Chemist: 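Input: one structure, supplied below.
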Amino acid sequence: MSDDAAPWLIVGLGNPGAEYAGNRHNIGFMVVDLLAERIGGKFKAHKARAQVVEGRMGPPGPANRRVVLAKPMSFMNLSGGPVTALRDFYKVPLERIVAVHDELDIDYPTLRLKLGGGDNGHNGLKSMTKSMGADYHRVRCGIGRPPGRMQVADFVLKDFSSTERKDLDWFVDRAADAVECLVAEGLERAQSAYNG
């Protein structure tokens, strides 16, 4: 398969299970859920220990792309295994993989897109980079730092506060728009349109 025919693999990072669904750490799941809704797909179990939706994204014509939306069903710190298995199954080049994840060092609700880089202590990224290398795209959804002396682990595994929830639908919607722009028009265009 030529690289042109290869799909984009858009991975929302999160933890499986209803008790984690509204957590800050699960914003990646929220974004790919919305993208699946937009392309009219339903998640199905895949042998790679992930839920996937296959479809097309972007305007009709040459910018219309094949995409695979994925939610790894391992816990966050083991995301690399399912993502690597999906990459191999769908024959996706690394630069067509997009990780959508929460980011502590960016204020809520701000987005930043980039290609490659470190994991910044994010266990999902750490696991993906260890499995595949670092040269994949990231859509970083800022959640800010924990208040006071709250531990980072406690903060990311808590639901968004009632104040944050007022902006959450807008933020998830904007992150989904940024993914669509990245896939259809490239990183520079998406950065200039969405980087906060």
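As the structure is a computational prediction, the values presented were derived from the model and not from experiment.
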Chemist: For atom NZ of K114, decide whether the heavy atoms of other residues, nucleotides or ligands shown that lie under 6.0 angstrom number more than 12.
Modeler: yes

Chemist: Below 4.0 angstrom, N of the basic side chain to O of the carboxylate: do D119 and R138 qualify?
Modeler: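 Result for this pair is no, no salt bridge flagged.
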
Chemist: Can you confirm if the aromatic rings of H46 and Y90 lie within a centre distance of less than 6.0 Å?
Modeler: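 For Y90 and H46, the ring centres are under 6.0 Å apart.
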
Chemist: Apply salt bridge (charged side-chain N to carboxylate O under 4.0 Å, His left out) to the pair R38 and D177, showing each step before the final yes or no.
Modeler: CA-CA 10 Å; R38 288 183 181 182; D177 290 348; 2.8 Å; yes

Chemist: Kindly confirm or rule out a cation-pi arrangement of K71 over F43, judged by NZ or CZ under 6.0 Å from the six-membered ring centre and within 45° of its axis?
Modeler: yes

Chemist: Would you sort out whether K44 and E54 count as a salt bridge (charged side-chain N to carboxylate O under 4.0 Å, His left out), showing the intermediate values?
Modeler: CA-CA 9 Å; K44 295 182 176 66; E54 296 178 49; over 6 Å; no

Chemist: Any side-chain to backbone donor/acceptor pair from R66 onto G55? Under 3.5 Å, distance only.
Modeler: no

Chemist: Would you check if there is a donor-acceptor pair between the side chains of N23 and N15 at a distance under 3.5 Å?
Modeler: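 No, because no side-chain N or O of N15 sits under 3.5 Å from a partner of the opposite role on N23.
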
Chemist: Are R165 and D159 within salt-bridge range, i.e. N to O under 4.0 Å?
Modeler: no

Chemist: Salt bridge check: are R145 and D105 linked by an N-O gap of less than 4.0 Å?
Modeler: yes

Chemist: Please determine, by modelled atom types, if R56 and N64 share a side-chain donor-acceptor pair under 3.5 angstrom.
Modeler: yes

Chemist: Are F171 and Y108 an aromatic pair by the rule of ring centers under 6.0 Å?
Modeler: yes

